[in-house]
Amino acid sequence: MLKTLQNLDRRWIFLSMLLAVAIPILTRTVFPEVVSKQAKMVFDAIEDLPDGSNVLMSYDFDPASQGELLPMAQAFTRHCSVKGHKQYYMALWPLGSPMVDLSIDTIQSEYPDMIYGEDYVKFDYKAGGEAVIRMITQDLRGMFPMDSKGVPLDNIPMTKNIKNIQDMDLIVNVSAGDPGTKQWVQFAATPFGLTTVSGCTGVQAPQMYPYIPEQLAGVLGAIKAAAEYEAAIDEAYPSIAENPRAQEAKRRMGPQLVAHSLMIGLIVIGNWIFFVSRKRGQA
Amino acid sequence: MKRTVPLIIAIVAGFVLLIANFIPFAESWGLTAQEWFNILAVGAMVLGGGNLVKLHLMKVSSKRKGWGYSVVTIACFFGTLFFGLLKIGVHPNPLTPDYAWSGYYLENGSTLWWIYEHMVVPLTSMMFAMLAFYVATAAFRAFRAKNTEATLLLVTAGVVLLGRTYAGVWLFEGWLPESMQWLRFDNLTVWIMDIPNTAGTRAITIGIALGVVATSLRILLGVDRSYLGQD
Amino acid sequence: MSTDTTKQSNALIWGVIFIIGAIMLIWSMSTSRTGQVWVTAQQHAFTQLSDGSYTSTDAPASGDIEWTTYKKVSDRDLTQEMIDNGSATLSWSRTIGLWLAAIFTLFILSFLVGDNPAYKFAEAMVVGTSAGYVMVIGLWDVFVPNLLGKLFPTLVQSWALPGMDVAAGSQLLYIVPAILIVMLLFQLMPSGGWISRWPIAFFIGITAGYRMIGYVEADLVAQIKAGIIPLWITGQGGFELWPTVNALLLTIATLAAMVYFFFSIEHKGLVGKTARVGIWFLMITFGASFGYTVMGRIALLAARLEFLFGDWLHFIPSS
Amino acid sequence: MRKQIHHILAFVMALSMAAFATAQSPAPPSALSVSDTPNDSGKSVDVTWSLSETDIFNPLNADATQMNPELIVSVYRIERMVTDSSSAEAKQEDLQWRQIAEPSAGETSFVDRTVQLGWTYNYRVCAVDNQGEASSWIVSESLVKPTMQIFDMSKAWLAIFMILFGGFVAYFINEARSGKKLWVRKIAGLEAIDEAVGRATEMGRPVLFVAGIQDINEIQTLAGLTVLSRVAKTAAEYGAQIEVPTCRSLVMAAARETVEAAYLAAGAPDSYQPDKIHYLTDEQFAFVAGVTGYMVREEPAACIYMGGFYAESLILAETGNHIGAIQVAGTAMPSQLPFFVASCDYTLIGEEFFAASAYLSDDPLQIGSLKGQDYGKFLSVLILIIGIFFATTASLSGDGDGFGAGARDYIKNNMLGSEGLGSFGGGNTDLEGDDS
């Protein structure tokens with residue numbers, strides 16, 4: 001028993017992980033979500049804004065992290081749209097632009113009465129990372145002379161009177177690394193006291209906690225928080241609850257549960273082998 | 001010339017940014033400097049592409065092991081560049097249909113979009129997703145409770161892993177008395193994140209911040225010139 | 001395991017995988033439109049007004065500018081009726097693309113069985129395509145509007161950005177970043193690499209400048225501020241025990257962890273004990289970080305499998 | 001009290017009736033005041049007003065049912081006019097009243113960031129109800145001329161801290177350079193490295209060293225190379241074989257120099273083999289595949305990872321663990337530390353890693369800044385403790401305006417906040433930027 005486990009071909013473990021994720025996806029098991037404190041904080045930050053507030057949406061992630069962040073990003077878009085907030089989309093990652101396009105597709109297909117230029121606008125990707133953030137806290141036009149359609153900001157109703165992002169009521173940042181949430185906290189939230197919420201990968205989430213609540217109004221950490229956020233939105237807006245596309249993160253919690261359990265099982269067995277073999281003076 | 005000028009550039013640029021933060025008059029200098037910085041960042045991208053090509057061309061020319069794959073890399077690189085820069089399959093911007101080049105380079109249906117959608121996305125995301133498997137094997141073969149520290153780490157990890165799924169609630173349903181609800185893994189996780197994690201991370205954050213101050217200062221004072229290279 | 005047995009087991013595994021794969025494919029194809037992408041056409045026509053500008057029209061006449069774009073119909077919304085009345089058509093380019101995407105995904109997955117040419121091929125493509133893609137974006141999104149647009153506004157306006165405001169005229173100051181970029185590219189030259197030190201120095205100086213402020217303000221001063229909390233917490237009902245305990249713990253943990261990172265003091269006696277407590281709290285921190293990271297990694301895999309089972313094989317409703 | 005409210009409500013109703021009777025327009029806002037935003041470069045103006053009496057958010061209307069629904073304010077309309085554009089030429093539209101913002105009901109302030117330095121402006125505001133009916137205009141009594149301040153006083157304390165923290169570092173670097181020996185505590189992880197190399201020698205198997213996957217310009221890589229020189233030296237003394245694959249070609253060049261120097265110092269220059277230090281590829285996962293491939297083939301007895309690592313960390317540690325090698329790691333990547341700690345025999349955590357490198361190299365820059373950082377930490381801890389002390393005393397004394405509360409507020413809002421030097425217990429002195 002011990003022997004076989006000790007030199008078990010690791011491809012069996014690969015297989016077990018594959019099944020642990022694949023089977024719940026195919027059986028499409030969905031578990032109820034209890035909205036935790038953080039998810040509530042983020043939800044409230046957007047919910048409590050007066051309708052039609054200015055929200056800057058910075059998508060600082062790429063397709064590689066879609067799995068974790070796209071459901072979050074879409075949930076942010078739906079929540080802001082249903083609240084009628086003015087959404088200003090931008091991206092600090094080169095591959096963030098197409099992620100923004102996905103959110104804009106969502107707006108166009110699910111909120112057709114929202115008008116580009118009045119309710120939402122997209123800015124192109126700009127290189128420079130944190131330097132871009134610093135720049136637009138002072139002078140938006142210096143970085144974005146035009147929107148992504150090539151229209152000067154002065155000819156766009158929703159940007160006409162915006163000098164810099166200090167005119168924003170909230171910054172929503174979806175982040176997969178640097179530049180990302182940390183930079184938004186350092187160069188926008190802290191120096192100018194701009195309210196900021198972040199949806200970030202599990203890798204970053206724990207490092208964001210010290211910023212809460214003063215520098216960050218809330219953090220969504222990885223897919224679980226996204227699922228809770230979706231649940232919070234569903235509670236408040238039945239229209240969204242009926243939309244199967246708005247339940248992505250919730251669906252992905254099925255695989256998470258099984259895979260997490262598998263992980264713990266593997267750690268336990270691994271350590272059991274470790275201790276037993278050490279007792280027998282092998283390791 | 002080779003070392004002094006860059007040194008001066010670095011020091012001046014750095015201090016302009018420092019001052020711009022405290023003296024409103026210098027604000028505009030800081031903005032200009034940063035605008036240049038951001039434009040220069042694109043230069044860095046081009047440089048990155050150039051280095052990639054250079055590297056793989058060398059591999060090919062020296063017929064080093066696996067040079068065939070370098071050919072693939074170079075082909076993909078230039079292919080993407082070609083279709084993207086020439087906006088192949090992109091229609092004009094509906095606002096200005098008479099300008100052939102005014103369209104969005106990633107317009108749905110264009111060639112670059114096709115490459116992005118069917119090559120960049122699946123390849124990069126699957127590449128990254130492989131980590132799920134490595135994490136699993138590592139859990140089985142590497143993560144050992146060798147000492148108090150490692151044990152503490154693994155136990156916390158276990159609690160968080162369960163606490164961030166429905167299991168955290170479900171395991172305790174029914175039998176746990178009201179007064180002990182805080183023991184539920186999901187509640188425990190919230191506590192771990194709010195207290196120990198916040199404390200530990202705060203200590204690390206402050207430490208790193210001081211480290212950055214030190215390294216930045218070394219550059220601004222011109223004592224650290226490693227970025228100038230040898231000779 | 002000796003090599004030939006490994007070879008055998010590999011062959012066996014590959015065999016099994018291909019058989020299972022084939023079964024899934026056949027099953028899927030027999031039950032659904034596996035890997036097919038259907039699209040609806042959208043006509044765009046623009047007619048010229050007297051003032052020379054164009055406006056979109058539904059009744060295109062000769063001389064108007066016209067083109068057709070295609071929009072993907074998600075498998076959810078695709079009905080037999082749409083196919084029959086021809087409003088939805090099968091897009092070959094996208095169908096082929098989808099199959100390629102699926103195959104590339106499997107190429108990379110194949111690395112789990114063992115390193116193989118398919119994986120190496122896919123890897124080579126990742127590097128090439130993503131590098132090229134990033135460069136394209138950088139040039140169209142930043143280089144053209146923020147540099148060329150400032151140096152040669154009229155040219156850029158008449159070429160790529162018709163909406164651009166050319167009133168400002170060309171701003172010669174932007175010569176500087178242009179030159180810096182050229183200097184930066186000297187690094188590709190076998191000799192004269194030192195020229196690229198100027199832009200690099202500029203980079204490093206700027207970074208040092210704003211990092212210093214950013215970190216002191218947000219990660220040092222603001223973090224100390226956040227750490228200043230009363231260790232005696234009272235609410236409506238007077239003294240509150242648990243919040244106080246938590247505040248106490250938070251403070252002790254923070255200080256202890258900071259002590260661990262002191263390098264001017266020997267870790268002996270009280271300092272040593274405190275540092276030990278500190279390292280324990282750090283370990284709990286890492287444990288949390290560990291859990292969150294694992295959670296993230298798994299989500300990535302789930303998304304890819306959803307792509308394979310949904311968009312491609314249609315076992316589950318595609319996104 | 002109750003009586004008063006009744007009076008007020010009666011008054012409000014009467015007023016709204018009046019409005020109803022006449023133009024059916026909402027009550028205008030009151031007390032419009034405009035002032036130049038302090039501590040800025042003269043690019044903005046603060047506009048403040050008091051809520052209209054028909055604004056739901058007005059405390060007068062705690063009981064909203066008492067209001068005429070048609071007159072409830074939806075937005076305030078702010079208009080601006082340039083009265084003097086100094087020498088510059090102002091656009092025609094700016095010279096008349098021009099709308100610049102429509103803050104929603106309940107708002108009482110707005111920052112106009114579209115003004116020009118040195119021009120003079122006049123502002124007026126009115127309330128607009130949900131029928132689109134506008135109230136009469138309230139024009140500000142005074143004109144406003146945005147001006148630029150010489151120094152941003154709200155950041156005075158930030159400047160002081162930067163000078164303090166920077167000062168420590170600068171001072172100790174200077175000390176170290178002037179040849180003064182600065183004491184740094186021994187780093188436990190370093191013995192672990194020696195043991196690892198020793199064991200490798202006994203087993204006659206190589207030592208693997210990975211200096212992270214970042215490029216040469218990153219501090220972590222440099223720190224890693226410093227550790228490498230120690231490893232190489234020990235290896236040279238013991239006569240162990242070391243293998244150094246790198247992810248960046250520049251790192252390879254630097255690593256070769258380092259190792260060669262170390263072998264020279266150990267008096268074994270001819271046992272140095274440059275080809276053992278080789279560049280694999282820039283691509284993260286390809287690099288890892290290469291390294292793990294080597295590990296499985298050659299089974300090094302000791303694996304040492306020192307530098308900036310990303311997601312590949314656990315793949316390396318896992319393979320190393322599987323081949324039963326002693327593993328020592330060091331990185332300042334918070335997100336990767338857990339995996340190293342869980343799977344390596346010893347891990348240098350964050351700054352410890354830099355400290356180790358400083359300890360090994362007698363480089364005054366490294367030791368000096370390490371010392372400086374220590375004093376920075378000490379100062380931080382001090383402020384933290386003092387602040388907590390006052391905060392606690394304040395809460396013990398029931399959060400009154402006692403000395404404790406005063407001190408706490410000064411530390412939090414002035415020293416660590418954005419209220420400038422201010423005056424002790426002076427509280428908030430400017431309109432803007434109290435981010436606490």
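Chain identifiers are assigned alphabetically (A, B, ...) following the order of the sequence lines, protein sequences preceding nucleic acid strands; residue numbering begins at 1 within each chain.
Counting heavy-atom pairs closer than 4.5 Å to chain A, the top residue among C:Ile298, C:Thr207, C:Val134 is C:Ile298. Considering only heavy-atom pairs separated by less than 4.5 Å from chain C, the leading option among A:Gln183, A:Met146, A:Gln256, A:Arg28 is A:Gln256. Across A:Met143, A:Met253, A:Lys224, the residue that shares the most heavy-atom pairs under 4.5 angstrom with chain C is A:Met143. Of all the listed residues (A:Pro210, A:Pro71, A:Pro213, A:Pro255), the one sharing the greatest number of non-hydrogen pairs under 4.5 Å with chain C is A:Pro210. Note on A:Thr201, A:Leu69, A:Ile25, A:Val185: by heavy-atom pairs under 4.5 Å with chain C, the leading option is A:Ile25. Of all the listed residues (C:Val136, C:Leu301, C:Thr293, C:Val294), the one sharing the greatest number of non-hydrogen pairs under 4.5 Å with chain A is C:Thr293. In terms of heavy-atom pairs under 4.5 angstrom with chain C, the leader among A:Pro24, A:Ala131, A:Ala127, A:Gly142 is A:Ala131. When each of A:Arg134, A:Met263, A:Glu130 is checked for heavy-atom pairs under 4.5 Å with chain C, A:Glu130 comes out on top.
Using modelled atom types, no side-chain atom of A:Arg252 and backbone atom of C:Ala299 make a donor-acceptor pair closer than 3.5 Å.
Taking every heavy atom of both residues into account, C:Leu300 and A:Ala64 meet most closely at CD2-O, 3.3 Å. The two residues C:Ser289 and A:Pro206 have their closest heavy-atom pair at CA-CG, 3.7 Å. Taking every heavy atom of both residues into account, A:Phe187 and C:Gly214 meet most closely at CE2-CA, 3.6 Å.
Heavy-atom distances place no part of A:Pro63 under 4.5 Å from chain C, backbone and side chain included. Residue A:Ser148: no heavy atom, backbone or side chain, is found under 4.5 Å from chain C. Interface residue C:Val113: backbone and side-chain heavy atoms are both found under 4.5 Å from chain A. Of the two parts of C:Phe315, only the side chain, counted from C-beta on, holds a non-hydrogen atom closer than 4.5 Å to a non-hydrogen atom of chain A. Heavy atoms of A:Phe14 lying under 4.5 Å from chain C belong exclusively to its side chain. The contact between C:Leu112 and chain A is made by backbone and side chain atoms together, counting heavy-atom distances below 4.5 Å. Contact of C:Leu308 with chain A is not made at all, since no heavy-atom distance falls under 4.5 Å. Proximity to chain C (any heavy atom under 4.5 Å) is shown, for A:Gln204, by neither the backbone nor the side chain. Heavy atoms closer than 4.5 Å to chain C are found nowhere in A:Val151, neither backbone nor side chain.
With a 6.0 Å radius and a threshold of 12 heavy atoms from other residues, nucleotides or ligands, C:Phe152 has its CZ atom at or below the threshold. A:Trp12 CH2: 12 or fewer foreign heavy atoms inside a 6.0 Å radius.
Separation of atoms NZ (A:Lys126) and CD1 (C:Ile137) is listed at 12.0 Å; rounding is to 0.5 Å. The CZ atom of A:Arg245 sits 4.5 Å away from the OG atom of C:Ser74 when rounded to the nearest 0.5 Å. Distance check, rounded to the nearest 0.5 Å: OH of C:Tyr292 to OH of A:Tyr209 gives 3.5 Å. The CZ atom of A:Phe123 lies 13.0 Å from the CG atom of C:Asp141; values are rounded to the nearest 0.5 Å. Between atom CG of residue A:Asp62 and atom OH of residue C:Tyr133 there is a gap of 10.5 Å, rounded to the nearest 0.5 Å. Separation of atoms CZ (A:Arg251) and CD1 (C:Ile316) is listed at 6.0 Å; rounding is to 0.5 Å.
Using a cut-off of 4.0 Å between Lys/Arg side-chain N and Asp/Glu carboxylate O, C:Arg297 and A:Glu68 are scored as not salt-bridged. At a threshold of 4.0 Å, the pair C:Arg211-A:Asp178 does not count as salt-bridged, since none of the basic side-chain nitrogens sits closer than that to a carboxylate oxygen.
At a threshold of 4.5 Å between non-hydrogen side-chain atoms, the residues A:Glu214 and C:Lys225 count as touching. Here the side chains of C:Gln223 and A:Gln215 are in contact, with some heavy-atom distance below 4.5 Å. For the pair C:Phe307 and A:Gln66, the minimum side-chain heavy-atom distance is 4.5 Å or more. Residues C:Leu305 and A:Leu18 have side chains in contact (heavy-atom distance under 4.5 Å, counting atoms from C-beta outward). Under the 4.5 Å side-chain criterion, counting only non-hydrogen atoms from C-beta, A:Tyr211 is in contact with C:Asp219.
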